[in-house]
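Note on naming: letters A, B, ... go to the chains in the order of the sequence lines (proteins, then strands), and numbering restarts at 1 for each one.
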2 protein chains.
Amino acid sequence: MPKPIDLNQAVRQIRKFSQENKRPPSFDELRKLFRYKSKNAAFWLVDKLIDSGFLKKDKQGKILFDSFNGVRLLGTVQAGWPSPAEEELADVMSLDEYLIKHPDQTFLIKVSGDSMIDAGIHAGDLVLVERGRQPKHQDIVIAEVDNEWTMKYYEKNGKEVRLVAANKKYPPIKPREELKIGGVIVAVIRKYK
Amino acid sequence: MPKPIDLNQAVRQIRKFSQENKRPPSFDELRKLFRYKSKNAAFWLVDKLIDSGFLKKDKQGKILFDSFNGVRLLGTVQAGWPSPAEEELADVMSLDEYLIKHPDQTFLIKVSGDSMIDAGIHAGDLVLVERGRQPKHQDIVIAEVDNEWTMKYYEKNGKEVRLVAANKKYPPIKPREELKIGGVIVAVIRKYK
DNA sequence: CAGTATATTGAACGAACGTTCAAATGTCAA
DNA sequence: TTGACATTTGAACGTTCGTTCAATATACTG
C-alpha cells in the first residue's frame, strides 16, 4: 500500500485554509491544497477524515468544519508543556463559541474604575455582558446606581437585594426604588501587550 | 420607490445564517432567507451591502463575512447601556481573531495555584499562551522551575533575569542554569457560571 | 512473486454556483 | 397623473459544485 497519510496534518491544513478564507474549502480547492491531480482524491480524503470524526458534511455535501477558529486546549499550568503527541490530540476550541451563547444579547465592554478589583477585574479589562438575563445571587452585574453605571456583585437574601463592590472602598448599596440591571457578566478577558 | 430595506437587519440575518452553518450563505440561500422569488434580488442586496462596507466578496464571488463569529464591542462600563442606535453601529469583533495571532503556536491552559493572584489571575482561569516568543521585561511567562511549571513575571535588568511571582508568598527566583520558557501569556480568560 | 488493501487518477453526471440582462413592480415628489 | 427611482422578477449563461464509476498506481504481506 502507498504511504498512509497524516490525518492530523491534513486537518491542520484544512483549518488553515478555513481561517484564511473564512469558509471551508471546496473539493477542488482541497485538490490544489494537497496537490492532487484528481478531485476525487480529495473526496476520498474527506471521507476518511469524516470517518475519523475530524470533519462533517452538511446537507448539501459541503465540508463543515466545526471550529476552524480556535485554539488547542491543553491541561493545567502545572502539567507544563505537553509532548507533540499530546498537542496533536488536544481539542480545538473556539473562544467565541465557548464564551458567547447568545450573540445578539451579548456585548463586550471595557472596564473603567476599580470597583471589582478584589474579584480580579481590573481597569482596562474587557467584560462580556449578557443582557436580559435574570441575575442570580453572587453574579456580577452592570447596574445603574445614582445615575452612574458600575459593576457590582448582585446579592440576594430572601427578598432583599444588595449591590456589593469587590473593593472595600465602596460600601454596599441597597437600591431604594427600581434596580436597573444592564446585564450579567459572563466572562472577563484581559489581553496583554 | 418601494420601501427601503433595513441594511442592519439584513446583515444580522446573514450573520446568523453564517454562525449556524459555519459558512457564509450562497445567493440562492439568501433568496430563501429573505423570501425573494428571484435570486437576483439577493445579488442586488449583497451589492448594496458591499457598497455600504458590511460585506466583501472573495475572488470567486462568494460572500466573505469578515467576522460572523463575534460580539458587538461597546464603550465603557461607566458609559452604561447604549441606545439601540448605538448598538447597531457597534463594531463586531471575533474574540478568536482578536486574541489569537498565531493559532499554531497558541494554546489554552487552565491555571492552578495562586502564584499570580496579585496580577488578577486566579486558579481556574484560562490563559492563552503563545510559545516560541521571546519574552520581554514584565511579561508573564510559563517557566520550568525545579522541575515544576509555574506562571511568573519575567523580569530582565541588563543581563540578569528573574522570575517573580505576583504573590508575596513566593520569593523571586534567579535561574542558575538554563531557563526553560514554555510560552508567554498573551491573554487571560475567566468564564463565570 | 503474487495478492491485497490503500491510495490516486481521470472522466463524466446533474445540480448549484455567481453573474448578466431585460422587464416588471411598487412608491414617493412634482 | 406622470416621471423618476428603487426594488423585485424571471430567464439565461457558463462555471464550479458534490458525487459516482471504472481504472490504475503504490507498498506492504504471505
Side-chain angles (χ1 to χ4, degrees), chain A residues 1-68 85 88-89, chain B residues 1-68 88:
Chain A
M1 334 153 192
K3 56 184 161 204
I5 42 168
D6 184 340
L7 293 186
N8 274 307
Q9 190 190 320
V11 175
R12 216 174 307 137
Q13 285 184 256
I14 299 176
R15 177 180 298 118
K16 196 179 175 192
F17 181 101
S18 305
Q19 278 168 353
E20 289 171 354
N21 298 88
K22 319 255 189 201
R23 61 167 175 81
S26 73
F27 286 94
D28 200 54
E29 287 166 332
L30 276 188
R31 180 188 55 76
K32 290 174 202 153
L33 196 59
F34 291 100
R35 290 187 181 74
Y36 286 135
K37 298 189 177 174
S38 167
K39 193 169 55 161
N40 191 29
F43 191 86
W44 178 90
L45 212 208
V46 167
D47 259 8
K48 212 166 186 304
L49 289 172
I50 290 175
D51 284 346
S52 311
F54 286 110
L55 291 180
K56 293 177 185 173
K57 283 191 191 181
D58 62 14
K59 282 162 248 165
Q60 291 155 74
K62 293 185 188 303
I63 292 159
L64 194 157
F65 210 137
D66 255 335
S67 53
F68 56 77
E88 291 301 339
L89 297 171
Chain B
M1 333 152 193
K3 57 184 159 203
I5 42 168
D6 184 340
L7 293 185
N8 275 306
Q9 191 190 319
V11 174
R12 216 174 308 137
Q13 284 184 256
I14 299 177
R15 176 179 298 119
K16 196 178 174 191
F17 181 101
S18 305
Q19 278 167 354
E20 288 171 355
N21 297 87
K22 318 257 189 199
R23 62 168 176 80
S26 73
F27 287 93
D28 200 54
E29 287 167 330
L30 276 189
R31 181 188 55 75
K32 289 175 202 151
L33 195 59
F34 291 99
R35 288 186 182 74
Y36 286 134
K37 298 190 177 173
S38 169
K39 193 168 55 160
N40 191 29
F43 190 86
W44 179 90
L45 212 207
V46 168
D47 258 7
K48 212 166 186 311
L49 290 172
I50 290 174
D51 283 346
S52 311
F54 286 110
L55 291 180
K56 293 176 184 175
K57 284 191 192 180
D58 62 15
K59 283 161 247 165
Q60 292 155 72
K62 292 185 190 303
I63 292 160
L64 194 157
F65 211 137
D66 255 333
S67 52
F68 55 77
E88 292 301 339

What integer distance in Å separates [X]:[atom1] from [N]:[atom2]?
X       : N      : atom1 : atom2 : value
A:Asp47 : C:dA7  : CG    : C1'   : 13 Å
A:Trp44 : D:dT26 : CH2   : P     : 15 Å
B:Leu30 : C:dA16 : CG    : C1'   : 14 Å
B:Arg35 : D:dT9  : CZ    : C1'   : 18 Å
B:Ile5  : D:dC5  : CD1   : P     : 19 Å
A:Lys37 : C:dA11 : NZ    : P     : 12 Å

**Request:** For B:Ser38, enumerate each residue passing the side chain to side chain contact (heavy atoms under 4.5 Å, CB included) test, keeping only those at least two apart in sequence or located in another chain.
**Result:**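 Applying side chain to side chain contact (heavy atoms under 4.5 Å, CB included) to B:Ser38 gives B:Asn40.
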**Item:** Partners passing side chain to side chain contact (heavy atoms under 4.5 Å, CB included) against B:Asn8 (at least two apart in sequence or in another chain)
**Value:**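 Partners of B:Asn8 by the side chain to side chain contact (heavy atoms under 4.5 Å, CB included) criterion, ordered by chain and then number, come out as B:Asp6, B:Arg12, B:Phe54, B:Glu88.
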**Item:** Euclidean distance, B:Phe27 CZ relative to B:Leu33 CG, rounded to 0.5 Å
**Value:**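 One gets 13.0 Å once the value is rounded to the nearest 0.5 Å.
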Report all interatomic pairs (protein N or O, nucleotide N or O of nucleotides 17-21 of chain C) with separations under 3.5 Å.
{"unit_1": "C:dC17", "atom_1": "OP1", "unit_2": "B:Ser26", "atom_2": "OG", "d": "3.0"}
{"unit_1": "C:dG18", "atom_1": "OP2", "unit_2": "B:Phe27", "atom_2": "N", "d": "2.9"}
{"unit_1": "C:dG18", "atom_1": "N7", "unit_2": "B:Lys39", "atom_2": "NZ", "d": "2.9"}
{"unit_1": "C:dG18", "atom_1": "O6", "unit_2": "B:Lys39", "atom_2": "NZ", "d": "3.0"}
{"unit_1": "C:dT19", "atom_1": "OP2", "unit_2": "B:Lys57", "atom_2": "NZ", "d": "2.5"}
{"unit_1": "C:dC21", "atom_1": "N4", "unit_2": "B:Asn40", "atom_2": "ND2", "d": "2.6"}

**Message:** Side chain of B:Tyr36 only, heavy atoms from C-beta on: which candidate in C:dG10, D:dT9, C:dT8 is closest?
**Reply:**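 It is D:dT9.
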**Those residues that, when tested against A:Glu29, pass side-chain hydrogen bond (donor to acceptor under 3.5 Å, both in side chains) (two or more places apart)** =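 Residues passing side-chain hydrogen bond (donor to acceptor under 3.5 Å, both in side chains) with A:Glu29: A:Arg23, A:Ser26, B:Gln60.
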**Request:** Check salt bridge (Lys or Arg N to Asp or Glu O under 4.0 Å) between A:Lys48 and all other residues, then give those that pass, not counting sequence neighbours.
**Result:**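 A:Lys48 satisfies salt bridge (Lys or Arg N to Asp or Glu O under 4.0 Å) with no residue once adjacent residues are dropped.
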**Request:** Just jot down the salt bridge (Lys or Arg N to Asp or Glu O under 4.0 Å) partners of A:Arg31, sequence neighbours excluded, or say none.
**Result:**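 For A:Arg31 the salt bridge (Lys or Arg N to Asp or Glu O under 4.0 Å) partners, ignoring immediate neighbours, are A:Asp28.
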